[in-house]
Amino acid sequence: MTERVALVTGGGRGIGREICLALARDERKVAVADLREPEAAETVALITAAGGTAIAVAMDVTSSDSVQQGILQVVDELGPIEVLVNCAGWDELKPFLSTDEDFWDRIIEINYKGVLRTVHACLPSMIEQGFGRIVNIGSDAGRVGSSLEAVYSGCKGGVIAFTKTIAREVARKGITANTVCPGPTQTPLIDEIVSASSSGDKVIGAMANAVPMKRLGQPSEVASAVAYFASEPAGFITGQTLSVSGGLTMA
Ligand SMILES: NC(=O)c1ccc[n+]([C@@H]2O[C@H](COP(=O)([O-])OP(=O)(O)OC[C@H]3O[C@@H](n4cnc5c(N)ncnc54)[C@H](O)[C@@H]3O)[C@@H](O)[C@H]2O)c1
């Protein structure tokens, strides 16, 4: 694989960390962007210990300034960004009628507008270089809905539609854009969701039970799909939505 520069948001832990490791194994130079700076530094340490190249980037995807600053750092230290993976995300389980507008805004800023910000900032140089791979992390919640995740599901559905539209707009520029949708996956976020909700255990148990393979996914299983979409051989695949969810969503 060519030594290209990849930016991964949410690369500090969970699925994002495994994506960073997978891209580094494919010889990408990886910018690990995250709010959680110590965790991002740990991901970098794992990559460099394995002989790869990576830098940690402090980035809050809810702030355009922070995204711009982070991208300037990446370009300065590693070069133009050719692979962009949007993995930063967050949710809390609540019935829709128990949520308020502050909660909606928080969910939308991270899960939807965070993706718009990085794509808006990275696309011009991808167009200039005539090469780009954008992989956005959606969710099966955005394909089939998920009880107690109404606004989050709306954002992830939006990410899927946004990705398809970008794929169309840049199809002749050497750039692909695809969405990978995890199902319930064993990550720190899932652990936090379970402990924050009185019925968290029940909900996650029900989610796993709904999966034909009867188990949660592993972050590395999501990462391998992302690495494929980010690869050179995937250059004729764009605007696609791929679930990595043990058969939870079949479409
Ligand atoms: N775990 C699941 O079951 C599951 C299922 C479907 C989709 N997803 C999606 O997968 C992605 C990764 O989830 P995860 O389970 O690994 O979560 P996680 O919380 O374990 O990791 C997410 C990372 O994103 C970072 N992040 C959060 N807000 C940020 C912000 N504003 N700016 C920069 N970084 C920020 C966090 O610090 C964290 O390191 C998310 O987009 C999530 O919606 C997860």
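Note that these values count all heavy atoms, side chains included, but never hydrogens, waters or copies made by symmetry. When a ligand or atom number is given, it counts from 1 through the structure's own listing order. All of these numbers come straight from a predicted model, not from anything done at the bench.
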Carboxylate-amine/guanidinium contact [X] [Y], below 4.0 Å:
| X | Y | value |
| --- | --- | --- |
| E169 | K164 | no |
| R13 | E37 | no |
| E232 | R28 | yes |
| R117 | E109 | yes |
| E42 | R17 | yes |

Against ligand 1, does [X] come closer than 4.0 Å with any heavy atom?
| X | answer |
| --- | --- |
| T9 | no |
| G138 | yes |
| E39 | no |
| E192 | no |

Could you identify the single nearest non-hydrogen protein atom to [atom] and state the distance to 0.1 Å?
| atom | value |
| --- | --- |
| atom 4 (C) of ligand 1 | G183 O, 4.0 Å |
| atom 36 (C) of ligand 1 | R36 NH1, 3.1 Å |
| atom 35 (C) of ligand 1 | A88 CB, 3.6 Å |
| atom 18 (P) of ligand 1 | R13 NE, 3.4 Å |
| atom 17 (O) of ligand 1 | L189 CB, 3.2 Å |
| atom 42 (C) of ligand 1 | Y152 OH, 3.5 Å |
| atom 22 (C) of ligand 1 | G89 O, 4.1 Å |
| atom 14 (P) of ligand 1 | T187 OG1, 3.6 Å |

Can any side-chain N or O of [X] pair as donor or acceptor with the backbone N or O of [Y] at less than 3.5 Å?
| X | Y | result |
| --- | --- | --- |
| T187 | L189 | yes |
| N111 | I107 | yes |
| E221 | G217 | no |

Ligand 1 atoms in contact with [X] (distance to a heavy atom under 4.0 Å):
| X | value |
| --- | --- |
| S139 | 6 (C), 7 (C) |
| G10 | 23 (C), 24 (O), 25 (C) |
| M59 | 32 (N), 33 (C) |
| T62 | 31 (N) |
| I137 | 9 (C), 10 (O), 11 (C) |
| G14 | 16 (O), 20 (O) |
| I190 | 1 (N), 2 (C), 3 (O) |
| P184 | 3 (O) |

>> Please report whether ligand 1 has a polar contact with K156, defined as an N or O pair separated by less than 3.5 Å (distance criterion only).
In response: yes

>> Using a plain distance cutoff, I'd like to know if V61 has any nitrogen or oxygen under 3.5 Å from a nitrogen or oxygen of ligand 1.
In response: yes

Going by atom types only, do [X] and [Y] share a side-chain donor-acceptor pair under 3.5 Å?
| X | Y | result |
| --- | --- | --- |
| S63 | D65 | no |
| R143 | T249 | no |
| T163 | T179 | yes |

> Taking heavy atoms and a distance under 4.0 Å, where does E109 meet ligand 1: side chain, backbone, both or neither?
Replying inline: neither

> Rounded to the nearest 0.5 Å, what separation is found between the CD1 atom of I110 and the CG atom of N86?
Replying inline: 13.0 Å

Can you tell which of [options] gets a heavy atom nearest to [atom]?
| atom | options | value |
| --- | --- | --- |
| atom 37 (O) of ligand 1 | T118, D34, L35, I19 | D34 |
| atom 44 (C) of ligand 1 | I193, D60, I15 | I15 |
| atom 6 (C) of ligand 1 | G217, P219, P182 | P182 |
| atom 11 (C) of ligand 1 | G12, S63, C87, A33 | C87 |

> Between N178 and Q240, which heavy-atom pair has the shortest distance, and what is it?
Replying inline: OD1-N, 2.8 Å

> Within 45 degrees of the axis of the six-membered ring of F131 and under 6.0 Å from its centre: does R4 put its NZ or CZ there?
Replying inline: yes

> By side chain to side chain contact (heavy atoms under 4.5 Å, CB included), which residues pair with A31, not counting sequence neighbours?
Replying inline: L7, I55, V57, V74, L78

> Which is it for E3 and K29 under the side-chain contact (heavy atoms from CB on, under 4.5 Å) test, yes or no, and what are the steps along the way?
Replying inline: CA-CA 6 Å; E3 206 190 44; K29 293 186 273 184; 3.8 Å; yes

